[in-house]
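Okay, structure first, notes after.
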Amino acid sequence: MKATARAHTNIALIKYWGKRDEEKILPTNNSLSLTLDGFHTTTTVTFEEDLTEDTFVLDEQPVTGEQYERVTQYLDLIRTYAGKEDLFADVYSINAVPTAAGFASSASGFAALAAAATRALDLNVTDQELSMLTRQGSGSACRSIYGGFAEWEKGERADGSDSYAVPIVPADYWDIRVAAVVLSADKKDVSSREGMKRTVDTSVFYQGWLDNIPNDLNAIKLGIKERNFEQVGQIAEANCLKMHATTLGAHPPFTYWHDTTMAVMQTVQTMRANGIPVYFTIDAGPNVKVLYLPEHEALVEQTLREAPGVSDVVLSRAGNGISYL
Ligand code: FM0
């Protein structure tokens, strides 16, 4: 009862920002992402009859505390799904994320865990079922089941049975690239979980965010199909700015941006004014991701490295979905 799975992280171009059900992790809006090949988690799950509790080893270190709890609670969900409540597991994970690339590992982490655990238990799940199970570990992770571009359909049902990701186009459809710009930031951020909750509960701009999602989604999906980089980039950057605007209307207000975040945003806009098509997006933290085309790679990397406060720039292509090793 052992299986190994690999999942890649993803970057949202239309953001998931808010839940309608905290426990089942059901979102208030659809989101859309690009899976990235540079950053992945490989996880082996071994269920054994004689184990009396779960263990979790990450990057060769035994994990305890909150991080361990999140994994074992997630395994409870899989055990219940499989009808095997008394079976414990050893979980062994390796995160291949270039030194502090500024990506949360939860997306690749929960996708790899869900895939390895279901496979170890011989559960014959479809991609859709796997995405639905992965969603309950961390929302954004449900999009990492697929390579290339994927959309998480929020669904309508209270039980979450219609809330899962679907593939749009695979990784080899379009060679679009992402530079992860790592900033030297030490301030602790508001977690995405806490930040989106505060925004849903209190932001005077939240309804505006929701009202705009259908237009952004239609326009970006058309742009992807037509491989129209300007259209995809413009929509992604504007969607990111709208998400971050909701945090300023929350109570108490907050922002994920640092001065260096804004400096990189300006660097991107200046490159664009100089005729290089590049666009940024930012998640629930200070780091910036920059979308660009292969022919501009050298210039984009060099310009970003020279921006104030930048400690590293890590380049990535579009990546594949779940694989089993
Ligand atoms: O990825 O509470 O998945 O669409 O990264 O675990 O469901 O960590 F910018 C924010 C990710 C949110 C946008 O939230 O939350 C996106 C974000 P959980 P996640």
Side-chain angles (χ1 to χ4, degrees), residues 7-36 39 41 66-67 69-71 73-74 77 97 101-114 131-146 149-155 160 163-165 168 178 180 189-201 203 206 209-210 212-213 216-217 220 235-248 250 254-257 261 265 280-289 291 319:
H8 295 84
T9 193
N10 68 76
I11 177 75
L13 305 185
I14 304 293
K15 305 293 183 190
Y16 150 47
W17 196 240
K19 295 183 182 73
R20 61 187 164 91
D21 184 318
E22 309 266 322
E23 201 196 329
K24 296 194 186 77
I25 310 199
L26 296 172
T28 49
N29 66 273
N30 286 26
S31 54
L32 183 148
S33 62
L34 176 63
T35 299
L36 299 177
F39 317 96
T41 304
E66 213 174 296
Q67 220 183 347
E69 290 303 321
R70 227 176 136 185
V71 166
Q73 279 166 16
Y74 187 70
L77 187 131
V97 177
F103 280 102
S105 58
S106 71
S108 54
F110 276 100
L113 178 62
S131 177
M132 214 177 316
L133 285 168
T134 302
R135 185 200 83 223
Q136 294 168 78
S138 182
S140 55
C142 81
R143 300 180 306 234
S144 278
I145 302 306
Y146 304 102
F149 292 91
E151 180 176 2
W152 176 9
E153 296 181 344
K154 66 184 175 72
S163 185
Y164 45 78
I168 298 176
V178 175
D189 298 311
V190 179
S191 73
S192 50
R193 202 160 270 198
E194 186 190 337
M196 69 173 82
K197 178 165 168 48
R198 191 191 303 174
T199 305
V200 172
D201 290 347
S203 179
Y206 196 67
W209 160 255
L210 289 180
N212 265 275
I213 294 286
D216 281 359
L217 267 171
I220 205 165
I235 304 282
E237 188 171 298
N239 184 268
C240 152
L241 291 172
K242 282 180 274 195
M243 172 201 135
H244 286 270
T246 66
T247 70
L248 297 178
F254 64 109
T255 183
Y256 290 106
W257 299 353
T261 309
M265 290 157 73
F280 62 76
T281 186
I282 304 161
D283 281 336
N287 295 316
V288 183
K289 314 292 182 301
L291 301 168

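As the structure lists them, so they are numbered: ligands from 1, and atoms in each ligand from 1. The structure displayed is predicted, hence computed values, not measured ones.
- For the residue pair Ser108 and Thr41, a side-chain donor N or O sits within less than 3.5 Å of a side-chain acceptor on the partner.
- For the pair Trp152 and Ile25, the tightest heavy-atom approach, listed with the atom from each and the gap, is CZ2-O, 3.9 Å.
- Applying the 4.0 Å criterion to heavy atoms of Arg70 picks out, from ligand 1, the atoms 6 (O).
- Closest heavy-atom approach to atom 3 (O) of ligand 1 within the set Ser140, Pro27, Gly285, Cys240: this belongs to Ser140.
- Looking only at atom types and distance, the side chain of Asn10 has a donor-acceptor partner in the side chain of Ser144 under 3.5 Å away.
- Ligand 1 places these atoms under 4.0 Å from at least one heavy atom of Met196: 12 (C), 14 (O), 15 (O).
- The Ile25 neighbourhood of ligand 1 comprises atoms 7 (O), with distances under 4.0 Å to a heavy atom of that residue.
- For ligand 1, the atoms sitting less than 4.0 Å from at least one non-hydrogen atom of Ala284 are 9 (F), 10 (C), numbered in the order shown with element in parentheses.
- At least one N or O atom of Tyr16, backbone or side chain, sits closer than 3.5 Å to an N or O atom of ligand 1.
- The closest side-chain donor-acceptor pair between Arg143 and Ser33 falls under 3.5 angstrom.
- Residue Lys19 places at least one N or O, backbone or side chain, under 3.5 Å from an N or O of ligand 1.
- Neither the backbone nor the side chain of Glu194 comes within contact range of ligand 1; no heavy atom lies under 4.0 Å.
- For atom 8 (O) of ligand 1, the nearest non-hydrogen atom from the set Ser31, Gly18, Ser192, Gly195 comes from Ser192.
- Checking side-chain atoms of Tyr146 against main-chain N and O of Ala165 turns up a donor-acceptor pair under 3.5 Å.
- With a heavy-atom cut-off of 4.0 Å, Arg143 touches ligand 1 through its side chain alone.
- Here the options are Asp216, Leu217, Ile220, Asn239, the test is side-chain contact (heavy atoms from CB on, under 4.5 Å), and the partner is Leu13; only Ile220 passes.
- Using a 4.0 Å cut-off to heavy atoms of Ser138, the atoms of ligand 1 that qualify are 3 (O), 6 (O), 7 (O), 8 (O), 18 (P), 19 (P).
- Ligand-side atoms of ligand 1 in range of Ala12: 1 (O), 4 (O), 16 (C), range being under 4.0 angstrom from any heavy atom.
- Figure legend: cation-pi geometry between Arg198 and Phe254, with NZ or CZ positioned under 6.0 Å from the six-membered ring centre and within 45° of its axis.
- Scanning both residues, Tyr74 and Ala114, for their nearest heavy atoms gives OH-CB, 3.3 Å.
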